[in-house]
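Atoms within each ligand, like the ligands themselves, are counted from 1 in listed order. Worth saying up front: this structure is predicted, and the values here are computed from it rather than measured.
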Amino acid sequence: MAFEDLIEAWDGEEVVVHHDPPTSSWMCIGVHSTITGPAMGGTRMKPYPSPAEALDDVLRLSDAMTWKQAAADLPFGGGKAVISVSDVPARESAERRALLLRYAELVESLHGTYVTAADMNTGEADMDVVGERTSHVLGRSVANGGSGDPGADTARGVFHGIEATVRHAFGIDDLAARSVLVQGLGSVGSRLVEHLRDAGATVSVADVDHARAAAVADQMGVTVVAPNDVIGTVCDVFAPCATGKVLTEATIPLLRCRIVAGAANNQLGVAEDGERLREAGILFAPDFVINAGGVIHLAGYETLGWDEATMTKRLEAIGDTLLEVYEAADREGISTAAAAHRMARSRVAAVRSG
Ligand code: NAI
């Protein structure tokens, strides 16, 4: 689709598209909504086949952030940024640093309408660099005044979400009787495995990085499943913690689980896949609700002055929000994805109408 068609079809507030001559990169910042506060969301750095595809991604991702912030009841709106590079520059290289500083100036030019953070291929060291040119950044290292990598709190939130989802599906939240398959053992997945194992669940793991899967299995005493066998593996809970679009018209009929509840963003291929899961009798924890621990961590520690006890309560509350979503979905006979969107939209509408 052409730039103008993408923007015309989008219902967000503002999008900034900037060409960076020294690297021929494209920087796109999507400010989907500031109704509930400044638009907050991470910066994704990756190659895209065309600038239009980078724009398409940022528009879609910033929209999703609006619902994530609202579902978590945070005083932020939805935003996201993409830096479309021909090759991702090496960490700590001069080229990467220069690119990030120019990107930071773009963020600064929005005067706080957009607040950035880390996302795919960016981390706390990058946010430290961004923080040299703008104060509108979260997730810098602790040494530089930030709260660091939010992955551990994302994992805690997902764990509470799994407990609540198990309670709704099986009537009891004791994980000792349950089997959980975790796909993706990165910052979030590997920590989730630890929580699940400590709670007594029977855990299996998969990662395309075979060495990583073997190391986690060895360290935690869990079983490895081959990455290509994940979809058909029998388990109570499938926890996608790797990539998006794992739940599609093709994969849903092959799933052999009662629950899908994991950290990955945008797990549904298309919106209708939420209904497909419902028809298949699979209870789906909407991703933007269960994986909000990252934004809760950033907002809570860096802008709201929370202590650890408040953080723990807010991460546990992810389970309560999911239970509300499931009850609404049951009552109205709609998918959990649709119920979660309805809840988030009504929160934004309530703020808008004052
Ligand atoms: P990460 O990049 O640290 O780890 C991802 C892991 O998934 C890697 O070990 C990779 O080898 C593996 N992987 C990739 N494709 C795979 C496949 N097809 N099958 C099996 N394994 C595969 O990512 P992180 O930070 O752990 O995030 C995981 C997911 O959660 C992502 O979708 C991310 O967008 C989402 N998320 C992360 C948050 C955070 O705080 N880190 C917050 C909210 C969402």
Side-chain angles (χ1 to χ4, degrees), residues 40-46 57-58 60-62 64-65 67-69 71-72 74 76 78 80-82 88 91 117-124 126-127 138-139 146-162 181-195 204-217 219 224-233 238-248 250-251 260-269 285-302 311 315 318:
M40 188 247 277
T43 302
R44 185 165 287 199
M45 192 193 301
K46 62 176 242 192
D57 212 21
V58 90
R60 213 171 36 80
L61 292 165
S62 63
M65 287 307 293
W67 315 121
K68 184 184 292 201
Q69 305 282 6
L74 293 171
F76 283 94
K80 200 89 178 185
V82 153
V88 177
R91 292 196 185 273
D119 194 73
M120 190 185 291
N121 292 331
T122 60
E124 62 179 54
D126 298 311
M127 294 308 112
L138 301 174
S147 61
D149 173 13
D153 281 339
T154 302
R156 283 169 73 197
V158 172
F159 174 71
H160 294 305
I162 289 177
L181 168 56
V182 180
Q183 178 191 44
L185 302 169
S187 169
V188 180
S190 58
R191 287 153 163 149
L192 177 63
V193 170
E194 204 170 339
H195 290 299
S204 50
V205 297
D207 200 297
V208 285
D209 180 337
H210 298 286
R212 184 173 294 188
V216 170
Q219 204 182 330
V224 176
V225 169
N228 289 340
D229 294 342
V230 162
I231 293 302
T233 296
F238 167 40
C241 298
T243 58
K245 295 195 192 301
V246 281
L247 308 169
T248 64
T251 61
V260 177
N265 278 313
N266 306 318
Q267 291 171 33
L268 301 178
D287 42 40
F288 67 88
V289 180
I290 194 170
N291 73 12
V295 287
I296 292 173
H297 167 105
L298 295 172
Y301 283 140
E302 297 192 37
M311 184 59 66
L315 294 173
I318 288 176

Do His297 and Thr154 meet the criterion of a side-chain donor-acceptor pair at a distance under 3.5 Å? no
Between ligand 1 and Pro227, is the shortest N or O to N or O distance under 3.5 Å? no
Polar side-chain atom of Asp126 near backbone of Gly123 as donor-acceptor pair, under 3.5 Å: yes
Is Thr154 in polar range of ligand 1, meaning some N or O pair under 3.5 Å apart? yes
For Val216 versus Ser190, what's the shortest heavy-atom pair and its separation? CG2-CB, 4.5 Å
Check the pair Lys46 / Asp119 against salt bridge (charged side-chain N to carboxylate O under 4.0 Å, His left out), numbers first and verdict last. CA-CA 10 Å; Lys46 62 176 242 192; Asp119 194 73; over 6 Å; no
Is there any N or O on Gly294 that sits under 3.5 Å from an N or O of ligand 1? no
All ring pair (Phe, Tyr, Trp, His ring centres under 6.0 Å) counterparts of His160, not counting sequence neighbours: none
Checking Glu302 side chain against Ser147 main chain: does a donor-acceptor pair fall under 3.5 Å? yes
Going by the 4.0 angstrom heavy-atom rule, the piece of Cys241 near ligand 1 is backbone
Under 3.5 Å between any N/O of Ser187 and any N/O of ligand 1: does that happen in this structure? yes
Taking only heavy atoms of Gly151 into account, list the atoms of ligand 1 that are under 4.0 Å away from them. 40 (O)
Of the listed options Arg44, Gln183, His297, Arg212, closest to atom 9 (O) of ligand 1 (non-hydrogen atoms): Arg212
For Gly262, is there any backbone N or O sitting under 3.5 Å from a side-chain donor or acceptor partner on Gln267? yes
Heavy-atom pair with the smallest gap, counting every atom of Leu192 and Cys241: CD2-SG, 3.9 Å
of all protein heavy atoms, closest to atom 15 (N) of ligand 1 is Thr243 CG2, 3.7 Å
For ligand 1, which atoms sit closer than 4.0 Å to a heavy atom of Ala242? 7 (O), 13 (N), 14 (C), 15 (N), 16 (C), 21 (N), 22 (C), 29 (C), 31 (C), 32 (O)
Look at atom 33 (C) of ligand 1 and say which protein heavy atom is nearest, naming residue and atom and giving the distance to 0.1 Å. Asn265 ND2, 4.1 Å
Among all the protein's non-hydrogen atoms, which is closest to atom 4 (O) of ligand 1, and how far away is it? Gly186 CA, 3.1 Å
Distance-only, no hydrogens or angles: does the Gln69 side chain make a donor-acceptor pair with backbone N or O of Met40 under 3.5 Å? yes
Side chain to side chain donor-acceptor pair (under 3.5 Å) partners of residues 239-248, not counting sequence neighbours, each pair once: Thr248-Thr251
Taking all non-hydrogen atoms of both residues into account, name the closest pair between Gly148 and Glu124 and its distance. CA-OE1, 3.2 Å
Protein heavy-atom contact under 4.0 Å for atom 23 (O) of ligand 1? no
Suppose we measure from atom 35 (C) of ligand 1 to each protein heavy atom; which comes out shortest, and what is that distance? Ala263 O, 3.4 Å
Under 3.5 Å: donor-acceptor pair, side chain of Asn291, backbone of Asp287: yes
Under 3.5 Å between any N/O of Asp209 and any N/O of ligand 1: does that happen in this structure? no
re atom 41 (N) of ligand 1, the protein heavy-atom contact at minimum distance is Val188 CG2, 3.5 Å
Pull out every atom of ligand 1 sitting under 4.0 Å from any heavy atom of Val208, numbered as shown with elements. 11 (O), 13 (N), 14 (C), 15 (N), 16 (C), 17 (C), 18 (N), 19 (N), 20 (C), 21 (N), 22 (C)
Is_contact(atom 30 (O) of ligand 1), protein non-hydrogen, under 4.0 Å: yes
Proximity winner for atom 11 (O) of ligand 1, if only heavy atoms of Asp207, Asp149, Val205 are counted: Asp207
min-distance protein heavy atom vs atom 43 (C) of ligand 1 -> Asn291 O, 3.6 Å
